[in-house]
Amino acid sequence: MSAAVSARDPAEDLRSIAFCLERALEPSYRVRAFRNAAAAIAALTPDELRSRVTASTLTELPGVGKVTALAVEESLRGEEPVYLRRARTLGGTPVSEGAALLRAALRGDCHTHSDWSDGGSPIAEMARAARALGHEYVVLTDHSPRLRVANGLSAQRLREQLDVVARLNDELAAEAERGEAQDGPVTPFRVLTGIECDINLDGSLDQEPELLARLDLVVASVHSKLRMPADEMTARMVAAIANPATDVLGHCTGRQVVGHGRGGKGRPESEFDAEVVFAACAQFDVAVEVNSRPERLDPPKRLLRLAVEAGCRVAIDTDAHAPGQLDWQVVGCERAYLCGVEADRVVNTRGAEELLSWTGRRRAG
Ligand SMILES: [Zn+2]
Ligand SMILES: [Zn+2]
(Lines give C-alpha, C1' and ligand atoms only; values in the text may rest on other atoms or scores of the structure.)
(Ligands and ions follow the chains in the order given, each with its own letter.)
Protein backbone atom coordinates (compact mmCIF):
# COMPACT_ATOMS: atom_id res chain seq x y z
CA MET A 1 0.00 0.00 0.00
CA SER A 2 1.63 3.23 -1.11
CA ALA A 3 0.81 6.63 -2.55
CA ALA A 4 0.51 4.90 -5.91
CA VAL A 5 -2.76 3.35 -4.80
CA SER A 6 -5.86 5.22 -5.89
CA ALA A 7 -7.70 7.25 -3.27
CA ARG A 8 -10.78 5.22 -4.17
CA ASP A 9 -11.26 1.58 -3.34
CA PRO A 10 -12.78 -0.17 -6.40
CA ALA A 11 -14.21 -3.04 -4.32
CA GLU A 12 -15.83 -0.54 -1.97
CA ASP A 13 -17.30 1.35 -4.95
CA LEU A 14 -18.81 -1.91 -6.25
CA ARG A 15 -20.30 -2.63 -2.83
CA SER A 16 -21.73 0.90 -2.75
CA ILE A 17 -23.41 0.30 -6.12
CA ALA A 18 -24.93 -2.92 -4.74
CA PHE A 19 -26.10 -1.08 -1.62
CA CYS A 20 -27.83 1.66 -3.64
CA LEU A 21 -29.55 -0.86 -5.93
CA GLU A 22 -30.82 -2.84 -2.94
CA ARG A 23 -32.13 0.32 -1.33
CA ALA A 24 -34.02 0.98 -4.56
CA LEU A 25 -35.69 -2.46 -4.26
CA GLU A 26 -33.83 -4.05 -7.17
CA PRO A 27 -34.04 -7.85 -6.92
CA SER A 28 -31.25 -9.39 -4.85
CA TYR A 29 -30.06 -11.65 -7.67
CA ARG A 30 -29.36 -8.64 -9.90
CA VAL A 31 -27.42 -6.89 -7.16
CA ARG A 32 -25.46 -10.05 -6.47
CA ALA A 33 -23.32 -9.44 -9.57
CA PHE A 34 -21.83 -6.34 -7.97
CA ARG A 35 -21.20 -8.03 -4.64
CA ASN A 36 -19.56 -11.03 -6.34
CA ALA A 37 -17.39 -8.73 -8.44
CA ALA A 38 -16.42 -6.77 -5.31
CA ALA A 39 -15.28 -9.99 -3.66
CA ALA A 40 -13.23 -10.98 -6.74
CA ILE A 41 -11.56 -7.55 -6.89
CA ALA A 42 -10.90 -7.43 -3.15
CA ALA A 43 -8.99 -10.72 -3.40
CA LEU A 44 -6.36 -9.13 -5.68
CA THR A 45 -3.30 -7.17 -4.59
CA PRO A 46 -3.18 -3.56 -5.89
CA ASP A 47 -0.43 -4.58 -8.33
CA GLU A 48 -2.41 -7.51 -9.70
CA LEU A 49 -5.41 -5.25 -10.12
CA ARG A 50 -3.43 -2.61 -12.03
CA SER A 51 -1.78 -5.09 -14.35
CA ARG A 52 -5.15 -6.65 -15.16
CA VAL A 53 -6.59 -3.23 -15.95
CA THR A 54 -3.60 -2.44 -18.19
CA ALA A 55 -3.90 -5.79 -19.97
CA SER A 56 -7.73 -5.54 -20.15
CA THR A 57 -8.09 -8.94 -18.47
CA LEU A 58 -10.37 -7.94 -15.59
CA THR A 59 -13.33 -9.67 -17.22
CA GLU A 60 -11.46 -12.98 -17.10
CA LEU A 61 -12.01 -12.99 -13.34
CA PRO A 62 -15.05 -14.99 -12.26
CA GLY A 63 -17.95 -12.66 -11.56
CA VAL A 64 -16.47 -9.62 -13.29
CA GLY A 65 -18.33 -8.48 -16.42
CA LYS A 66 -18.03 -5.47 -18.69
CA VAL A 67 -20.13 -3.18 -16.52
CA THR A 68 -18.28 -3.99 -13.32
CA ALA A 69 -14.88 -3.82 -15.05
CA LEU A 70 -15.67 -0.32 -16.32
CA ALA A 71 -16.62 0.79 -12.80
CA VAL A 72 -13.33 -0.61 -11.48
CA GLU A 73 -11.32 1.27 -14.11
CA GLU A 74 -13.06 4.55 -13.30
CA SER A 75 -12.56 3.98 -9.61
CA LEU A 76 -8.84 3.29 -10.08
CA ARG A 77 -8.49 6.56 -11.99
CA GLY A 78 -9.88 8.23 -8.87
CA GLU A 79 -13.25 9.01 -10.45
CA GLU A 80 -16.62 8.13 -8.97
CA PRO A 81 -17.92 5.39 -11.30
CA VAL A 82 -20.75 6.65 -13.53
CA TYR A 83 -22.85 3.63 -12.53
CA LEU A 84 -22.44 4.51 -8.86
CA ARG A 85 -23.38 8.14 -9.48
CA ARG A 86 -26.59 6.99 -11.16
CA ALA A 87 -27.34 4.36 -8.50
CA ARG A 88 -27.00 6.96 -5.74
CA THR A 89 -29.94 8.92 -7.15
CA LEU A 90 -32.24 5.89 -6.82
CA GLY A 91 -34.52 5.46 -3.87
CA GLY A 92 -33.22 8.30 -1.73
CA THR A 93 -35.95 9.43 0.65
CA PRO A 94 -36.26 13.04 1.81
CA VAL A 95 -37.32 13.13 5.46
CA SER A 96 -38.60 15.62 7.98
CA GLU A 97 -36.46 16.78 10.88
CA GLY A 98 -38.56 14.83 13.38
CA ALA A 99 -38.07 11.61 11.44
CA ALA A 100 -34.34 12.28 11.09
CA LEU A 101 -34.06 12.73 14.87
CA LEU A 102 -35.92 9.47 15.45
CA ARG A 103 -33.64 7.70 12.98
CA ALA A 104 -30.58 9.13 14.75
CA ALA A 105 -31.87 7.66 18.01
CA LEU A 106 -32.08 4.12 16.60
CA ARG A 107 -29.23 1.85 17.66
CA GLY A 108 -30.22 -1.33 15.90
CA ASP A 109 -32.69 -3.17 13.71
CA CYS A 110 -34.86 -6.01 15.06
CA HIS A 111 -36.04 -7.67 11.83
CA THR A 112 -33.58 -8.78 9.11
CA HIS A 113 -33.03 -11.81 6.89
CA SER A 114 -29.96 -13.55 5.50
CA ASP A 115 -29.41 -16.11 2.75
CA TRP A 116 -30.17 -18.80 5.32
CA SER A 117 -33.85 -18.18 4.52
CA ASP A 118 -35.03 -15.89 1.71
CA GLY A 119 -32.50 -13.06 2.00
CA GLY A 120 -29.89 -12.46 -0.69
CA SER A 121 -26.73 -12.02 1.41
CA PRO A 122 -24.67 -13.88 3.99
CA ILE A 123 -25.07 -12.95 7.67
CA ALA A 124 -21.63 -11.33 7.80
CA GLU A 125 -22.44 -8.97 4.93
CA MET A 126 -25.69 -7.93 6.55
CA ALA A 127 -23.88 -7.35 9.83
CA ARG A 128 -21.09 -5.24 8.36
CA ALA A 129 -23.57 -3.16 6.35
CA ALA A 130 -25.62 -2.50 9.50
CA ARG A 131 -22.45 -1.51 11.32
CA ALA A 132 -21.53 0.89 8.51
CA LEU A 133 -24.95 2.54 8.94
CA GLY A 134 -24.01 3.35 12.53
CA HIS A 135 -25.92 0.56 14.26
CA GLU A 136 -24.65 -1.19 17.38
CA TYR A 137 -26.52 -4.41 16.65
CA VAL A 138 -28.79 -6.14 14.24
CA VAL A 139 -31.18 -8.95 15.11
CA LEU A 140 -31.06 -11.81 12.64
CA THR A 141 -34.63 -13.04 12.16
CA ASP A 142 -34.75 -15.68 9.44
CA HIS A 143 -38.02 -17.51 8.78
CA SER A 144 -39.44 -20.50 10.66
CA PRO A 145 -39.93 -24.05 9.25
CA ARG A 146 -43.46 -23.82 7.89
CA LEU A 147 -42.61 -20.97 5.55
CA ARG A 148 -41.11 -23.34 3.00
CA VAL A 149 -41.36 -20.84 0.12
CA ALA A 150 -38.93 -18.69 2.10
CA ASN A 151 -36.64 -21.62 2.98
CA GLY A 152 -37.63 -21.41 6.64
CA LEU A 153 -35.12 -22.83 9.14
CA SER A 154 -35.74 -26.16 10.83
CA ALA A 155 -34.84 -26.38 14.52
CA GLN A 156 -31.63 -28.10 13.48
CA ARG A 157 -30.62 -25.35 11.03
CA LEU A 158 -31.47 -22.64 13.53
CA ARG A 159 -29.20 -24.32 16.10
CA GLU A 160 -26.42 -24.35 13.49
CA GLN A 161 -27.08 -20.69 12.79
CA LEU A 162 -26.63 -19.86 16.48
CA ASP A 163 -23.11 -21.31 16.32
CA VAL A 164 -22.34 -19.37 13.14
CA VAL A 165 -23.52 -16.14 14.76
CA ALA A 166 -21.40 -16.81 17.85
CA ARG A 167 -18.30 -17.19 15.67
CA LEU A 168 -19.14 -14.08 13.65
CA ASN A 169 -19.55 -12.09 16.86
CA ASP A 170 -16.04 -13.15 17.89
CA GLU A 171 -14.72 -11.84 14.56
CA LEU A 172 -16.65 -8.58 14.90
CA ALA A 173 -15.34 -8.14 18.44
CA ALA A 174 -11.78 -8.68 17.21
CA GLU A 175 -12.30 -6.05 14.49
CA ALA A 176 -13.61 -3.60 17.06
CA GLU A 177 -10.61 -4.37 19.28
CA ARG A 178 -8.25 -3.52 16.41
CA GLY A 179 -10.43 -0.51 15.64
CA GLU A 180 -10.60 -1.27 11.96
CA ALA A 181 -11.81 -3.68 9.32
CA GLN A 182 -11.02 -4.00 5.63
CA ASP A 183 -13.39 -1.19 4.80
CA GLY A 184 -12.45 1.37 7.46
CA PRO A 185 -12.73 2.20 11.14
CA VAL A 186 -15.26 0.21 13.12
CA THR A 187 -17.14 0.42 16.38
CA PRO A 188 -18.29 -2.41 18.64
CA PHE A 189 -21.09 -4.30 16.97
CA ARG A 190 -22.88 -7.58 17.47
CA VAL A 191 -25.46 -9.76 15.82
CA LEU A 192 -28.30 -10.73 18.12
CA THR A 193 -30.01 -14.05 17.51
CA GLY A 194 -33.65 -14.23 16.58
CA ILE A 195 -36.39 -15.50 14.35
CA GLU A 196 -39.36 -14.28 12.39
CA CYS A 197 -41.65 -16.99 13.62
CA ASP A 198 -44.85 -17.87 11.79
CA ILE A 199 -48.01 -17.58 13.83
CA ASN A 200 -49.79 -20.87 13.22
CA LEU A 201 -53.54 -20.96 12.53
CA ASP A 202 -54.26 -21.71 16.18
CA GLY A 203 -52.02 -18.87 17.41
CA SER A 204 -49.14 -21.12 18.48
CA LEU A 205 -45.63 -20.36 17.26
CA ASP A 206 -43.87 -22.35 14.56
CA GLN A 207 -40.71 -23.35 16.45
CA GLU A 208 -39.71 -25.42 19.49
CA PRO A 209 -40.46 -23.42 22.68
CA GLU A 210 -37.11 -24.41 24.17
CA LEU A 211 -35.30 -22.98 21.13
CA LEU A 212 -37.41 -19.80 21.06
CA ALA A 213 -36.48 -19.23 24.71
CA ARG A 214 -32.77 -19.32 23.80
CA LEU A 215 -33.07 -16.58 21.17
CA ASP A 216 -32.33 -12.94 21.93
CA LEU A 217 -35.50 -11.69 20.23
CA VAL A 218 -38.59 -13.19 18.60
CA VAL A 219 -40.67 -11.46 15.93
CA ALA A 220 -44.01 -13.24 15.45
CA SER A 221 -45.79 -12.72 12.13
CA VAL A 222 -48.81 -14.02 10.25
CA HIS A 223 -47.85 -15.36 6.81
CA SER A 224 -50.65 -17.83 6.07
CA LYS A 225 -54.41 -17.67 5.66
CA LEU A 226 -54.35 -13.89 5.81
CA ARG A 227 -58.02 -13.75 4.85
CA MET A 228 -59.46 -15.70 7.79
CA PRO A 229 -62.55 -14.19 9.47
CA ALA A 230 -61.80 -11.24 11.76
CA ASP A 231 -62.79 -12.92 15.02
CA GLU A 232 -60.57 -15.93 14.29
CA MET A 233 -57.67 -13.70 13.24
CA THR A 234 -58.02 -11.63 16.42
CA ALA A 235 -57.90 -14.75 18.60
CA ARG A 236 -54.95 -16.11 16.60
CA MET A 237 -52.94 -12.90 17.02
CA VAL A 238 -53.79 -12.46 20.71
CA ALA A 239 -52.67 -16.04 21.43
CA ALA A 240 -49.31 -15.31 19.79
CA ILE A 241 -48.95 -12.02 21.67
CA ALA A 242 -49.68 -13.77 24.97
CA ASN A 243 -46.96 -16.35 24.23
CA PRO A 244 -44.03 -15.52 26.56
CA ALA A 245 -41.60 -16.03 23.66
CA THR A 246 -43.01 -13.17 21.57
CA ASP A 247 -41.27 -9.79 21.68
CA VAL A 248 -42.40 -8.06 18.50
CA LEU A 249 -45.58 -8.39 16.44
CA GLY A 250 -44.39 -8.28 12.80
CA HIS A 251 -46.22 -6.45 9.95
CA CYS A 252 -49.60 -6.86 11.65
CA THR A 253 -51.99 -6.40 8.71
CA GLY A 254 -49.96 -8.32 6.13
CA ARG A 255 -50.97 -5.79 3.48
CA GLN A 256 -48.98 -5.13 0.35
CA VAL A 257 -49.21 -1.63 -1.02
CA VAL A 258 -50.35 -1.38 -4.64
CA GLY A 259 -47.55 -0.85 -7.11
CA HIS A 260 -45.04 -3.06 -5.33
CA GLY A 261 -44.59 -6.76 -4.89
CA ARG A 262 -45.74 -9.62 -7.08
CA GLY A 263 -47.46 -8.35 -10.17
CA GLY A 264 -47.96 -4.96 -8.53
CA LYS A 265 -51.49 -5.96 -7.50
CA GLY A 266 -51.09 -5.33 -3.81
CA ARG A 267 -52.81 -7.26 -1.02
CA PRO A 268 -55.53 -6.02 1.31
CA GLU A 269 -55.10 -5.82 5.09
CA SER A 270 -56.04 -8.83 7.17
CA GLU A 271 -59.14 -8.15 9.22
CA PHE A 272 -58.96 -8.25 13.01
CA ASP A 273 -60.07 -6.22 16.02
CA ALA A 274 -57.16 -3.81 16.26
CA GLU A 275 -58.21 -2.43 19.64
CA VAL A 276 -58.16 -5.90 21.16
CA VAL A 277 -54.85 -6.81 19.50
CA PHE A 278 -53.09 -3.61 20.58
CA ALA A 279 -54.53 -3.87 24.10
CA ALA A 280 -52.95 -7.32 24.25
CA CYS A 281 -49.62 -5.93 23.01
CA ALA A 282 -49.74 -3.29 25.76
CA GLN A 283 -50.70 -5.85 28.41
CA PHE A 284 -48.05 -8.40 27.47
CA ASP A 285 -45.46 -5.73 26.65
CA VAL A 286 -45.04 -6.83 23.03
CA ALA A 287 -43.79 -4.19 20.60
CA VAL A 288 -45.82 -3.37 17.50
CA GLU A 289 -43.55 -3.37 14.48
CA VAL A 290 -43.37 -0.47 12.07
CA ASN A 291 -42.28 -2.37 8.97
CA SER A 292 -40.30 -0.08 6.65
CA ARG A 293 -40.45 -2.20 3.49
CA PRO A 294 -41.81 0.01 0.70
CA GLU A 295 -44.30 -2.65 -0.41
CA ARG A 296 -45.57 -3.19 3.15
CA LEU A 297 -45.56 0.09 5.11
CA ASP A 298 -47.33 -1.81 7.83
CA PRO A 299 -49.27 -0.93 9.95
CA PRO A 300 -51.23 1.73 8.08
CA LYS A 301 -51.08 5.09 9.85
CA ARG A 302 -54.58 4.91 11.35
CA LEU A 303 -53.63 1.65 13.06
CA LEU A 304 -50.23 2.89 14.17
CA ARG A 305 -51.94 5.86 15.83
CA LEU A 306 -54.26 3.42 17.57
CA ALA A 307 -51.26 1.41 18.81
CA VAL A 308 -49.65 4.59 20.16
CA GLU A 309 -52.89 5.51 21.96
CA ALA A 310 -53.05 2.02 23.44
CA GLY A 311 -49.62 2.62 24.97
CA CYS A 312 -47.82 -0.01 22.93
CA ARG A 313 -44.09 -0.12 22.49
CA VAL A 314 -42.89 0.09 18.91
CA ALA A 315 -40.01 -1.47 16.95
CA ILE A 316 -38.98 0.42 13.80
CA ASP A 317 -37.55 -2.29 11.57
CA THR A 318 -36.51 -2.78 7.97
CA ASP A 319 -37.31 -6.45 7.35
CA ALA A 320 -34.23 -6.16 5.12
CA HIS A 321 -33.48 -9.06 2.77
CA ALA A 322 -30.29 -7.41 1.43
CA PRO A 323 -27.72 -4.98 2.88
CA GLY A 324 -28.96 -1.87 1.03
CA GLN A 325 -32.45 -2.45 2.39
CA LEU A 326 -31.11 -1.82 5.90
CA ASP A 327 -31.26 1.86 4.95
CA TRP A 328 -35.07 1.78 4.67
CA GLN A 329 -35.45 2.45 8.38
CA VAL A 330 -35.85 6.14 7.73
CA VAL A 331 -39.12 5.38 5.92
CA GLY A 332 -40.48 3.74 9.07
CA CYS A 333 -39.20 6.66 11.15
CA GLU A 334 -41.15 9.11 9.00
CA ARG A 335 -44.36 7.14 9.52
CA ALA A 336 -43.71 6.69 13.23
CA TYR A 337 -43.03 10.39 13.66
CA LEU A 338 -46.24 11.32 11.82
CA CYS A 339 -48.20 8.99 14.13
CA GLY A 340 -46.79 10.43 17.35
CA VAL A 341 -44.35 7.66 18.27
CA GLU A 342 -41.87 8.98 20.86
CA ALA A 343 -38.25 7.75 20.84
CA ASP A 344 -38.52 6.34 24.36
CA ARG A 345 -41.36 4.02 23.25
CA VAL A 346 -39.19 2.54 20.51
CA VAL A 347 -37.42 -0.62 21.68
CA ASN A 348 -34.54 -0.28 19.24
CA THR A 349 -33.51 3.12 20.56
CA ARG A 350 -32.02 1.02 23.38
CA GLY A 351 -28.53 -0.36 23.41
CA ALA A 352 -28.08 -4.10 23.03
CA GLU A 353 -27.85 -4.85 26.76
CA GLU A 354 -30.95 -2.86 27.57
CA LEU A 355 -32.83 -4.47 24.70
CA LEU A 356 -31.82 -7.91 25.98
CA SER A 357 -32.99 -7.15 29.48
CA TRP A 358 -36.36 -6.21 27.96
CA THR A 359 -36.63 -9.36 25.82
CA GLY A 360 -35.65 -11.40 28.87
CA ARG A 361 -38.63 -9.97 30.77
CA ARG A 362 -40.95 -12.93 30.27
CA ARG A 363 -38.39 -15.62 29.58
CA ALA A 364 -37.08 -16.21 33.08
CA GLY A 365 -38.39 -19.13 35.11
ZN1 LIG B 1 -42.78 -11.52 7.35
ZN1 LIG C 1 -39.35 -10.67 7.49
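Just so it is clear, the values below take in all heavy atoms, side chains as well, and ignore hydrogens, waters and symmetry mates. None of these values were measured; they are calculated from a predicted model. First listed ligand is number 1; within each ligand, the first listed atom is number 1.
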Donor-acceptor pair between S117 and N151 side chains, under 3.5 angstrom: no

Modelled atom types, side-chain donor and acceptor of T359 and D247, under 3.5 Å: no

Short side-chain donor-acceptor distance under 3.5 Å, E196 and H111: yes

Neighbouring protein N, O or S atoms of the Zn ion (ligand 1) [cut-off: under 2.8 Å, no waters]: E196 OE2, H223 NE2, H251 NE2

For residues 58-67, tabulate all N or O donor-acceptor pairs below 3.5 Å that involve a side-chain atom, not counting sequence neighbours.
none

Separation of T112 OG1 from H135 NE2 (nearest 0.5 Å): 9.5 Å

E136 and T187: side chain donor to acceptor below 3.5 Å: no

